[in-house]
Amino acid sequence: KALQSAGWKGGKTALLGPALDIAREILPLAAKLDDKDYLALSQAFLGNTLITYGQRLDNVEMLEEARKVYETALEYFPDGPIVSKTSYDGGQDSLSRADMLYNLAGTLTQIGILRNDPSIRKEAIARFAELTAMLPPDVDPIGWARAATNQAVALDDLGRAQSDLTMVDQ
């Protein structure tokens, strides 16, 4: 986690390679545990490392792998509840289905832009819409606003790219 964080937040891209190796090694180990929350967190760690490294390298294959990891991870995040475990440093690692949907939608957006594929971009928009519907603005106003803003930006970008003003108006 420290390597991934230094690579992501610290801007040290070279550390993302070793972080990715570790994330890939951890996943099969977590799959053997009875507590599937560890598997969910391990998949999130792998997906987050892949998307960060993939974005930095403009590597669409890594982004596609992140997409698959996030889609699989959704199976372990039932609607609503947060998966929370004590991390190596005594803190809490907490993730929810909303986190996975947000990461998946962002990954789809990146893939759609890099591949210039409107169908993938529309899938990202649908995931942002799913996320917006799942986060009531009166319960999680910041989460809802973040999802709604990203959905609107994705609609606007695609509408402009396709010269479709109906998307821009949405």
Side-chain donor-acceptor pairs of residues 130-138 under 3.5 Å, sequence neighbours excluded:
| unit_1 | atom_1 | unit_2 | atom_2 | d |
| --- | --- | --- | --- | --- |
| Glu130 | OE1 | Arg127 | NH1 | 3.2 |
| Thr132 | OG1 | Phe128 | O | 2.8 |
| Thr132 | OG1 | Gln151 | OE1 | 3.4 |

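- Qualifying side chain to side chain donor-acceptor pair (under 3.5 Å) partners for Asn150, counting only residues two or more places apart in sequence or in other chains: Tyr102.
- Under the 4.5 Å side-chain heavy-atom criterion for grouping Ile, Leu, Val, Met, Phe, Trp and Tyr, Ile111 is not connected to Val153 through any hydrophobic cluster.
- Shown here are the side chain to side chain contact (heavy atoms under 4.5 Å, CB included) partners of Leu20, two or more places apart in sequence or in another chain: Arg24, Leu46, Thr49, Leu50, Tyr53, Met62.
- Sorted pairs that involve residues 144-153 and meet salt bridge (Lys or Arg N to Asp or Glu O under 4.0 Å), not counting sequence neighbours, are lacking altogether.
- With rounding to the nearest 0.5 angstrom, the CD atom of Glu61 is 10.0 Å from the CG atom of Leu114.
- There is no side-chain donor-acceptor pair under 3.5 Å between Asp99 and Tyr70.
- When all heavy atoms of Ala66 and Gly47 are compared, the pair lying nearest together is CB-O, 3.8 Å.
- By the side chain to side chain donor-acceptor pair (under 3.5 Å) test, Ser119 pairs with Asp117, sequence neighbours left out.
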task = Run the numbers on Leu33 and Leu39 for side chain to side chain contact (heavy atoms under 4.5 Å, CB included), then give the verdict.
result = CA-CA 8 Å; Leu33 298 173; Leu39 179 57; over 6 Å; no

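- With sequence neighbours excluded, the residues that form a side chain to side chain donor-acceptor pair (under 3.5 Å) with Glu71 are Arg67.
- To the nearest 0.5 Å, the span separating OG1 on Thr107 from CG on Asn48 amounts to 8.5 Å.
- The CG atom of Leu108 lies 10.5 Å from the CD1 atom of Ile125; values are rounded to the nearest 0.5 Å.
- In the hydrophobic cluster analysis, where Ile, Leu, Val, Met, Phe, Trp and Tyr join through side-chain heavy atoms closer than 4.5 angstrom, Ile113 is grouped apart from Ile51.
- One finds a salt bridge joining Glu64 and Arg115 here, because a Lys/Arg side-chain nitrogen approaches an Asp/Glu carboxylate oxygen to under 4.0 Å.
- Atom CG of Leu57 is separated from atom OG1 of Thr52 by 10.5 Å, given to the nearest 0.5 angstrom.
- Going from atom CZ of Arg121 over to atom CG of Asn116 covers 7.0 Å, rounded to the nearest 0.5 Å.
- Here the shortest heavy-atom pairing between Ala73 and Met100 reads CB-SD, 3.8 Å.
- The shortest non-hydrogen separation linking Ala124 to Ala105 is CB-O, 3.5 Å.
- Remark: Lys68 pairs with no residue by the side chain to side chain contact (heavy atoms under 4.5 Å, CB included) rule, at least two apart or across chains.
- A distance of 12.5 Å separates CD1 of Ile22 from OG of Ser42, quoted to the nearest 0.5 Å.
- The side chain to side chain contact (heavy atoms under 4.5 Å, CB included) search around Pro118 returns Leu158, Gln162, not counting sequence neighbours.
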